[in-house]
Amino acid sequence: MLAVVVAGFGFVAIVLRLLSSHIRFVCRKYAAGGVCLSTARLDGKTALITGANSGIGKETAVDLALRGARVILACRDMEKGEDTAAEIRRRVGGAKVEVRELDLADTRSIRVFAQRFLREVNHLHILINNAGVMMCPYMKTADGFEMQLGVNHLGHFLLTYLLIGLLKRSAPARVIVVSSLAHYFGWIRFHDLHSQGSYNSGLAYCQSKLANVLFTRELSRRLTGSNVTVNSVHPGTVKSELVRHSTVMSLLFTLFSMFLKTPREGAQTSIYCATAEELQSISGKHFSDCAPASVAPQGRCEETAQKLWDVSCELLGIEWD
């Protein structure tokens, strides 16, 4: 009997080994998700991408550069940013790419960045709010905001506010907000927005990603008739540096790597929303795998979206009609 069991396990092991390459192929094909099929050129267009020195931001920048756009990488780490720009120039002959310093965890840095940008750049056709932090230990931004809400939502909120006039003057223009499926598990905790009463890194991340979806919805409503569109995207589960703060997530990503998207695959939906001709007048929607995606009920609440908008303006000390 033991010999039969051993032989059986041996047979299964041989079959799995023979099928392993096929299994990996199927898993990778499934994980890759949608692909942007748009062949639109972007000659004469200017695109700004936050957090573009690595991951999906970098791959988005490569694609837009290939299409002829002037691509501006907004990065906190200028050294890494310059290395990325040099790499893009090597990969894309004649690429028009430059790097500018931006720290989304500091409103002063955002304002300085915007002031210089408005002095030196005449048009802005594509703004991709891509940068983000995920599941970090409890930290605060320079202005005292909880780090994930501060960077993922409030930093991009202020940046978009400061550049919205230029986007309108450059219309048709597009704003893409990188959110996540994690927004389904988020709630806007107005009573403790900065998690001072209690902090859970995962829930704080989900809150920030829900804030991205609500911001997209409310901004779209306010931009009606401006010829500036705004849509949010879920890039998929991407192999990136985002999970570096979580030992558990890092381990899971290692174990199930074949089910994860590469940064290039994760960038496809951002690229699609930035370039696809059929989305020219589509605004206020959510996309995943280069197709419309569902939004959690709490992400469709107009009252919550408006309240978050008002609270964000108050926190940032701005008036945005």
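Only this structure's heavy atoms are used, side chains among them; waters, hydrogens and symmetry mates stay out.
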**Q** Is the closest side-chain heavy-atom distance between Leu159 and Leu102 below 4.5 Å?
**A**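 A side-chain contact exists here, since the closest heavy-atom pair is under 4.5 Å.
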**Q** Between the main-chain N or O of Val178 and the side-chain N or O of Lys209, is there a donor-acceptor pair closer than 3.5 Å?
**A**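 Side chain of Lys209 to backbone of Val178: a pair is present.
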**Q** Just jot down the ring-ring contact (aromatic ring centres under 6.0 Å, His included) partners of His234, sequence neighbours excluded, or say none.
**A**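 For His234, no residue satisfies ring-ring contact (aromatic ring centres under 6.0 Å, His included) once neighbours in sequence are set aside.
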**Q** Taking CD in Glu278 as the centre, count heavy atoms belonging to other residues, nucleotides or ligands within less than 6.0 Å. Is the count above 12?
**A**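 For Glu278, atom CD is crowded (more than 12 foreign heavy atoms under 6.0 Å).
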**Q** Can you check whether Asn212's main-chain N or O pairs, donor with acceptor, with Ser179's side chain at less than 3.5 Å?
**A**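 Answer holds: no.
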**Q** Heavy atoms, side chains only, cut-off 4.5 Å: are Pro292 and Phe287 in contact?
**A**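 Of all side-chain heavy-atom pairs linking Phe287 with Pro292, at least one is under 4.5 Å.
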**Q** Could you report the tightest heavy-atom contact between Ser283 and Ser220, atom names first, then the distance?
**A**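 That closest heavy-atom pairing would be OG-OG, 2.8 Å.
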**Q** Would you check if the side chain of Gln268 reaches a backbone N or O of Cys290 as a donor-acceptor pair within less than 3.5 Å?
**A**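 Judged by distance alone, no pair lies under 3.5 Å.
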**Q** Salt bridge between Lys261 and Asp289, side-chain N to carboxylate O under 4.0 Å?
**A**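 A salt bridge is present here (some side-chain N lies under 4.0 Å from a carboxylate O).
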**Q** Indicate yes or no: does Arg221 engage Glu218 in a salt bridge with an N to O separation below 4.0 Å.
**A**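 Answer for the salt bridge query: yes.
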**Q** Are Phe215 and Leu223 connected into the same hydrophobic cluster when the rule is that any two of I, L, V, M, F, W, Y join if their side-chain heavy atoms are below 4.5 Å apart?
**A**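 Leu223 and Phe215: one cluster.
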**Q** From Asn152 CG over to Gln207 CD, what is the distance, rounded to the nearest 0.5 angstrom?
**A**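 These two atoms lie 10.5 Å from each other.
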**Q** What is the distance from atom CG of Leu167 to atom OG1 of Thr46, rounded to the nearest 0.5 Å?
**A**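 One finds 11.0 Å between CG of Leu167 and OG1 of Thr46.
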**Q** Do any N or O atoms from the side chain of Gln298 and from the backbone of Tyr184 form a donor-acceptor pair under 3.5 angstrom?
**A**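 The answer is yes, because a donor-acceptor pair under 3.5 Å joins these two groups.
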**Q** Tell me if a side-chain donor or acceptor on Arg174 pairs with a main-chain N or O of Cys273 at a distance below 3.5 Å.
**A**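 Side chain of Arg174 to backbone of Cys273, a donor-acceptor pair under 3.5 Å: yes, one is there.
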**Q** Under a 3.5 Å distance rule, please check whether Gln148 uses its side chain to pair with a backbone N or O of Met135 as donor and acceptor.
**A**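 Yes, the answer is positive, given that a donor and an acceptor are paired below the 3.5 Å cut-off.
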**Q** Hey, are the side chains of Asp192 and Gln196 touching, using non-hydrogen atoms and a 4.5 Å cut-off?
**A**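 Touching, per the 4.5 Å side-chain cut-off.
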**Q** Between Thr50 and Phe113, is there a side-chain heavy-atom distance shorter than 4.5 Å?
**A**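 Phe113 does not reach Thr50 side chain to side chain.
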**Q** As a test of understanding, state which of Leu104, Val151, Leu149 forms a side-chain contact (heavy atoms from CB on, under 4.5 Å) with Val133.
**A**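 With Val133 as partner, Leu104, Val151, Leu149 yield a single side-chain contact (heavy atoms from CB on, under 4.5 Å), made by Val151.
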**Q** To the closest 0.5 Å, what do you measure between CG (Leu48) and CD1 (Ile72)?
**A**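 The distance works out to 6.0 Å.
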**Q** For residues 70-103, which residue pairs qualify under ring pair (Phe, Tyr, Trp, His ring centres under 6.0 Å), counting only residues two or more places apart or in two chains?
**A**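 Found none.
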**Q** Do Leu73 and Ile88 pass the side-chain contact (heavy atoms from CB on, under 4.5 Å) test, and can you show the C-alpha distance, the side-chain angles, and the key distance before you say yes or no?
**A** CA-CA 11 Å; Leu73 316 180; Ile88 294 174; 4.3 Å; yes
**Q** So which heavy atom on His183 is nearest to which on Ser180, and how close?
**A**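 It is ND1-O, 2.9 Å.
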**Q** Whether the side chain of Arg300 engages the backbone of Val295 through a donor-acceptor N/O pair (distance < 3.5 Å, no angle test) should be reported.
**A**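 Indeed, once roles are kept as given, a pair shorter than 3.5 Å links the two residues.
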**Q** Under the 3.5 angstrom rule, does the side chain of Asn231 hit a backbone N or O of His286 as a donor-acceptor pair?
**A**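 A pair under 3.5 Å: no.
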**Q** Return the orientation label for the His123 and His125 ring planes: parallel under 30°, perpendicular over 60°, tilted otherwise.
**A**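 If you compare the ring of His123 with that of His125, the planes turn out parallel.
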**Q** Do Arg67 and Ser38 make a side-chain contact, defined as non-hydrogen atoms from C-beta onward lying under 4.5 Å apart?
**A**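 SC-SC contact between Arg67 and Ser38 confirmed.
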**Q** If you measure from CG on Leu316 to CG on Leu158, what distance do you get to the nearest 0.5 Å?
**A**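 If we round to the nearest 0.5 Å, Leu316:CG and Leu158:CG are 5.5 Å apart.
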**Q** Can you confirm whether Lys96 is buried at NZ, in the sense that more than 12 heavy atoms of other residues, nucleotides or ligands lie under 6.0 Å from that atom?
**A**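 Correct, the count exceeds 12.
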**Q** Between atom CG of Leu315 and atom CG of Leu308, what is the distance when rounded to the nearest 0.5 Å?
**A**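 Leu315 atom CG to Leu308 atom CG measures 9.0 Å (nearest 0.5 Å).
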**Q** Could you state the interatomic distance from NZ (Lys58) to CG (Asn130), rounded to the nearest 0.5 Å?
**A**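 If we round to the nearest 0.5 Å, Lys58:NZ and Asn130:CG are 12.5 Å apart.
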**Q** With a 4.5 Å heavy-atom cut-off, do Val177 and Val213 have their side chains touching?
**A**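 No, too far: nothing below the 4.5 Å cut-off.
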**Q** Indicate if Val230 and Ile318 have the same hydrophobic cluster label, given that clusters are the connected sets of ILVMFWY residues with side-chain heavy-atom separations under 4.5 angstrom.
**A**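 In one cluster: yes.
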**Q** Tell me whether Arg89 contacts the main-chain N or O of Val97 through its side chain, where contact means a donor paired with an acceptor under 3.5 Å.
**A**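 Confirmed, Arg89 side chain pairs with Val97 backbone.
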**Q** Evaluate the criterion side-chain contact (heavy atoms from CB on, under 4.5 Å) for residue pair Arg217 and Trp309; output intermediate values, then yes/no.
**A** CA-CA 10 Å; Arg217 183 182 185 88; Trp309 184 280; over 6 Å; no
**Q** Please answer: with hydrophobic residues joined when any side-chain heavy atoms are less than 4.5 Å apart, are Leu214 and Phe157 in the same cluster?
**A**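 Yes, same cluster.
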**Q** Are the side chains of Val92 and Val62 in contact, using a 4.5 Å heavy-atom criterion?
**A**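 Sidechains of Val92 and Val62: in contact.
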**Q** Taking atom CD as the centre, does Glu277 end up with more than 12 heavy-atom neighbours from other residues, nucleotides or ligands that are less than 6.0 angstrom away?
**A**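 Atom CD in Glu277 is crowded, with more than 12 foreign heavy atoms closer than 6.0 Å.
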**Q** What I'd like to find out is whether the side chain of Val238 reaches to under 4.5 Å of the side chain of Glu265, using heavy atoms alone.
**A**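 No, side chains not in contact.
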**Q** Checking Asp143 side chain against Thr107 main chain: does a donor-acceptor pair fall under 3.5 Å?
**A**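 Side chain of Asp143 to backbone of Thr107: a pair is present.
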**Q** Does any pair with a residue in residues 159-178 pass ring pair (Phe, Tyr, Trp, His ring centres under 6.0 Å), and if so which ones, sequence neighbours excluded?
**A**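 Checked against ring pair (Phe, Tyr, Trp, His ring centres under 6.0 Å) - neighbours excluded - the pairs reaching residues 159-178 are Tyr161-Trp320.
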**Q** Answer yes or no: are there more than 12 heavy-atom neighbours, outside Glu303 itself, under 6.0 Å from its atom CD?
**A**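 Check fails, neighbour count at 12 or below.
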**Q** Do NZ/NE/NH1/NH2 and the carboxylate oxygens of Glu59 and Arg91 come within less than 4.0 Å?
**A**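 Here Glu59 pairs with Arg91 in a salt bridge, since their nearest N and O are under 4.0 Å apart.
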**Q** Would you say Leu127 ends up clustered with Val112 if hydrophobic residues are merged whenever their side chains have heavy atoms under 4.5 Å apart, either directly or through other cluster members?
**A**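 No: no chain of side-chain contacts under 4.5 Å links Val112 to Leu127.
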**Q** Going hydrophobic residue to hydrophobic residue with side-chain gaps under 4.5 angstrom, can you get from Phe185 over to Leu203?
**A**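 Different clusters: Phe185 never reaches Leu203 through Ile, Leu, Val, Met, Phe, Trp or Tyr contacts under 4.5 Å.
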**Q** Which heavy atom in Cys301 sits nearest to a heavy atom in Thr304, and how many Å separate them?
**A**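 Closest approach of Cys301 to Thr304: SG-OG1, 3.2 Å.
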